[in-house]
Structure formats: structure tokens, C-alpha cells
Student: 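First the structure, which I've put down as C-alpha cells, then a few questions once you've had a look.
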Amino acid sequence: MNDMRFAPSGRGPAIAPISPGKEMGAYECLWLEDRATFKTIADRFKADPTALPSDFVEPSKVEDAARSAFEILRSKGVKKFGVRVNHAGDYPPKLRDARHPVELLYFQGAWELTETRSVAIVGSRKASDEGRERATRIANALVNRGFTIVSGLAEGIDTAAHTAAIEAGGQTIAVIGTPLGEFYPKSNRDLQERIARDFLVISQVPILRYKAQAVPQNRLFFPERNVTMSALTEATIIVEASDTSGTLTQARAALHQGRKLFILDPCFERTDITWPRRFQDLGAIRVRSPADIWSALG
């Protein structure tokens, strides 16, 4: 990322340009504070809606954190990346619909894809063959109608959705639960690198915090990326999921954010889960045929 400057969005001329590198370092510092979470950080910005990350951090700490984060990214082979900061540049206003909005996002690829009509396709990591086939068919149909396919690069349904979108000649966005340069699962490294090169990979995960803590704590970043994934899109389609699946985090987020939530009919036919009818009662759409999706999306 070169040392560019962003004009503050909605604030007129760039009297005090925003430095992405500076805000990146400040964001990393906020995450190094004791007991920092998406909620505690979001609450600080809620109390001061015009603030930037650097407004809460000592300047001397910002520079050191930015330098450390850059070094980690370089060590992981991340040579080109960008950031998007709330109040600046092309930060999508729709992301403010999240319960705890993220102030900064890292990305690799074509950021303009965030401006396209997009739908998330999500579901189980340990997907059935039938589930993967359904994800593929839905992704193909959405691509044919001009939608960008968004998913989380996990095993199973996510992988099927991304792959189908690419093979159909469409566009795809991966919202990952790790920092840039990390690959989970490792088997999806080639796919992630392909999406970063030709499409778009987004991460909200703080680089220094991720490196400093253990795997069990880092797992908590995965459900939070589902919240951002929902806010980025106009709808989420759940192909299949268990009662304990992280996919349900995205289902709750979609309804809270006023996004459309589609649940495929086979989920309702399973006797071992109860969540489909619960979410249908809250406003989710049961998909018995593709027409149910097209009529709702318009």
C-alpha cells in the first residue's frame, strides 16, 4: 500500500487529508488494548461518530504499530493491499448497518466490486454433496443475472459458491476470518490467491492481535466476518447448516440489518434442526423454487 491520502467523505475539501497508513496503525493499536472486541471498539466510535482510529491513540504508538503490521504482511507475501477507512475514500456506507460497525477494512483486489449488486451464499463447512450442488446451481443463476457472489472462503458451501462464480465467468468477493496473507483452510490457498488477484478479498481482522493470541481466541473473528458479509450484500442465501453453525450468526445479522434472508427448502425438511422455522417466523424467506429468490430480489 503506498502512502496515499483520502479526502474525508462528506466533509468537503480535504483540509486535513486522512492517511491510510496512520489509520491502519491506530486500528491495530485499538485492538491491542486489554479486552478489545468489535463491540468495545464500536462503542467508542458510537460515542464520537466523526472520530477516526487515530483520534484514540498516541501518535508514537501508531507509527510503531503500522510498521509492525507492514512487516508481518510482507513476511506473508502480501506485496499489494489497500485499506478502507470510515469517513474516507470508498468506505461503503452500507457497512454502518452492522450492529458493531468496523472502522477499517484491509483488502486485495478490485474494491469497486463492493459497488455491484451482490448476494452472499453461505452454509456448512462439512457440506453434503447435494448442498454443494445446490450452492453451485444458485451461484450460476445469480451470475447469469449479474450478481456478484460473496462468501467466506471456508470449506464446503463457501468454496462451492466461489468456485462456481468463477467458472461461470462471474465475479466473487471473499470476506475472510483471518488477516490478509493467512489461509484458512490451507487447502483454499490457491483459491484465495486467485480471488485476491482477479476479484476481491476483504479482511477486518487486526494483524497484530491475530499474531499475538492463540488459535482458540482467533476463531472468534470468523463469526464477526459473517456480520460484515451480510452488511456488504443485499441478501444472504443459506444452503444448509446445523443448529450450531456459525452461518446462523449471518442469519441473525441479515435480519437485524434489514437484508433479505433466504433459506433453501431442504433445510426445512430436516428433522434434526429447528433453526429454519425459527428464522422464517422472524422474516426469512423459504425458497421452494428459484422464483422465490428472483421475485424478492426484484
Student: Taking Lys94 for the side chain and Leu232 for the main chain, is one N or O donor matched with an acceptor at less than 3.5 Å?
Tutor: yes
Student: Look only at the side chain of Arg145 and the backbone of Ala141, and say whether a donor-acceptor pair between them is shorter than 3.5 Å.
Tutor: yes
Student: Could you tell me whether the side chain of His87 and the main chain of Pro49 form a donor-acceptor pair under 3.5 Å?
Tutor: yes
Student: Looking only at heavy atoms, what is the nearest atom pair of Ala36 and Ile41, with distance?
Tutor: CB-CD1, 4.4 Å
Student: Under 30°, 30 to 60°, or over 60°: which ring-plane class applies to Phe45 and Phe56, parallel, tilted or perpendicular?
Tutor: perpendicular
Student: To check you understand the geometry: which heavy-atom pair defines the closest contact between Gly177 and Arg225, and what is its length?
Tutor: N-NH1, 3.5 Å
Student: Quick one: does Arg189's side chain have a donor or acceptor within less than 3.5 Å of a partner on Ser187's backbone?
Tutor: no
Student: Grouping I, L, V, M, F, W and Y whenever their side-chain heavy atoms are under 4.5 Å apart, do Val227 and Val205 come out in a common cluster?
Tutor: no
Student: For the backbone of Val85 and the side chain of Glu23, can you confirm whether one donor and one acceptor N or O come within less than 3.5 Å of each other?
Tutor: no
Student: Going by atom types only, do Thr116 and Thr148 share a side-chain donor-acceptor pair under 3.5 Å?
Tutor: yes
Student: Salt bridge check: are Arg194 and Asp190 linked by an N-O gap of less than 4.0 Å?
Tutor: no
Student: Under 4.5 Å side-chain heavy-atom separation, chaining through any Ile, Leu, Val, Met, Phe, Trp or Tyr, what else clusters with Ile138? Say none if it is isolated.
Tutor: Val119, Ile121, Leu142, Val143, Phe147, Ile149, Ile157, Ile237, Val239, Phe262, Leu264, Ile285, Val287, Ile293, Trp294, Leu297
Student: Salt bridge or not for Arg67 and Glu63, using N-O below 4.0 Å?
Tutor: yes
Student: Measure from NZ or CZ of Arg125 to the centre of the six-membered ring of Phe222, then state whether that distance is under 6.0 Å and the direction lies within 45° of the axis.
Tutor: yes
Student: Got a donor-acceptor contact below 3.5 angstrom from the Ser118 side chain to the Thr114 backbone?
Tutor: no
Student: Could you please spell out the steps behind the side-chain hydrogen bond (donor to acceptor under 3.5 Å, both in side chains) verdict for Gln250 and Thr236?
Tutor: CA-CA 8 Å; Gln250 185 153 338; Thr236 288; 3.0 Å; yes
Student: Going through the distances and angles, do Arg117 and Glu234 end up as a salt bridge (charged side-chain N to carboxylate O under 4.0 Å, His left out)?
Tutor: CA-CA 7 Å; Arg117 291 193 73 185; Glu234 60 185 85; 2.7 Å; yes
Student: For the CD1 atom of Ile238 and the OG atom of Ser245, what is their distance to the nearest 0.5 Å?
Tutor: 7.5 Å
Student: To the nearest 0.5 Å, what is the distance between CD on Glu133 and OG1 on Thr136?
Tutor: 7.5 Å
Student: Would you sort out whether Glu240 and Arg132 count as a salt bridge (charged side-chain N to carboxylate O under 4.0 Å, His left out), showing the intermediate values?
Tutor: CA-CA 9 Å; Glu240 61 182 20; Arg132 285 190 290 268; over 6 Å; no
Student: Can a donor-acceptor pair be found, under 3.5 Å and without considering hydrogens, that links the side chain of Asp243 to the backbone of Trp275?
Tutor: yes
Student: Does the side chain of Arg96 pick up a donor-acceptor pair with the side chain of Tyr91 at under 3.5 Å?
Tutor: yes
Student: To check you understand the geometry: which heavy-atom pair defines the closest contact between Gly283 and Leu255, and what is its length?
Tutor: C-CD2, 4.2 Å
Student: Within the distance-only criterion (no hydrogens, no angle test), does the side chain of Arg99 pair as donor or acceptor with the backbone N or O of Ala253 below 3.5 angstrom?
Tutor: no
Student: Are the side chain of Thr163 and the backbone of Ala160 linked by a donor-acceptor contact shorter than 3.5 Å?
Tutor: no
Student: First locate atom SG of Cys29, then atom CG of Asp64, and finally report the distance between them rounded to the nearest 0.5 Å.
Tutor: 8.0 Å
Student: What is the minimum heavy-atom distance between Asp158 and Gly123, and which atoms define it?
Tutor: OD1-N, 4.0 Å
Student: Enter the distance from Arg35:CZ to Thr37:OG1 here, rounded to the nearest 0.5 Å.
Tutor: 11.0 Å
Student: Which residues pass the salt bridge (charged side-chain N to carboxylate O under 4.0 Å, His left out) test with Asp292, sequence neighbours left out?
Tutor: none
Student: Let me check something: do Leu153 and Tyr184 share a hydrophobic cluster, defined by ILVMFWY side-chain heavy atoms less than 4.5 Å apart, either directly or through other members?
Tutor: no
Student: Applying salt bridge (charged side-chain N to carboxylate O under 4.0 Å, His left out), can you list everything that pairs with Lys76, at least two apart in sequence or on another chain?
Tutor: Glu182
Student: Distance from Phe183 atom CZ to Leu191 atom CG, nearest 0.5 Å?
Tutor: 11.0 Å
Student: When you look at Arg277 and Asp281, which way does the salt bridge (charged side-chain N to carboxylate O under 4.0 Å, His left out) test go after all the steps?
Tutor: CA-CA 6 Å; Arg277 285 180 174 76; Asp281 290 341; over 6 Å; no
Student: Does NZ or CZ of Arg84 lie under 6.0 Å from the centre of the six-membered ring of Phe107, at an angle within 45° of the ring axis?
Tutor: no
Student: Salt-bridged, Glu28 to Arg209, with N to O below 4.0 Å?
Tutor: no
Student: How about NZ on Lys211, more than 12 heavy atoms from neighbouring residues, nucleotides or ligands closer than 6.0 Å, or not?
Tutor: no
Student: Are Arg286 and Phe268 in a cation-pi contact, defined as NZ or CZ under 6.0 Å from the six-membered ring centre and within 45° of the axis?
Tutor: yes
Student: Does Leu220 share a hydrophobic cluster with Tyr27, counting links as ILVMFWY side-chain heavy atoms below 4.5 Å and allowing steps through other members?
Tutor: no
Student: Looking at Glu130 and Arg134, does any basic side-chain N land under 4.0 Å from a carboxylate oxygen?
Tutor: no
Student: Kindly say whether Thr247 contributes a backbone atom to a donor-acceptor pair with the side chain of Asn226 at under 3.5 angstrom?
Tutor: no
Student: Please round to the nearest 0.5 Å and tell me the distance separating atom CZ of Arg278 and atom CG of Leu248.
Tutor: 7.0 Å
Student: Strictly by modelled atom types, are Glu155 and Asn188 linked by a side-chain donor-acceptor pair under 3.5 Å?
Tutor: no
Student: Show your working on side chain to side chain contact (heavy atoms under 4.5 Å, CB included) between Tyr210 and Ile72 and close with a plain yes or no.
Tutor: CA-CA 11 Å; Tyr210 188 91; Ile72 291 172; over 6 Å; no
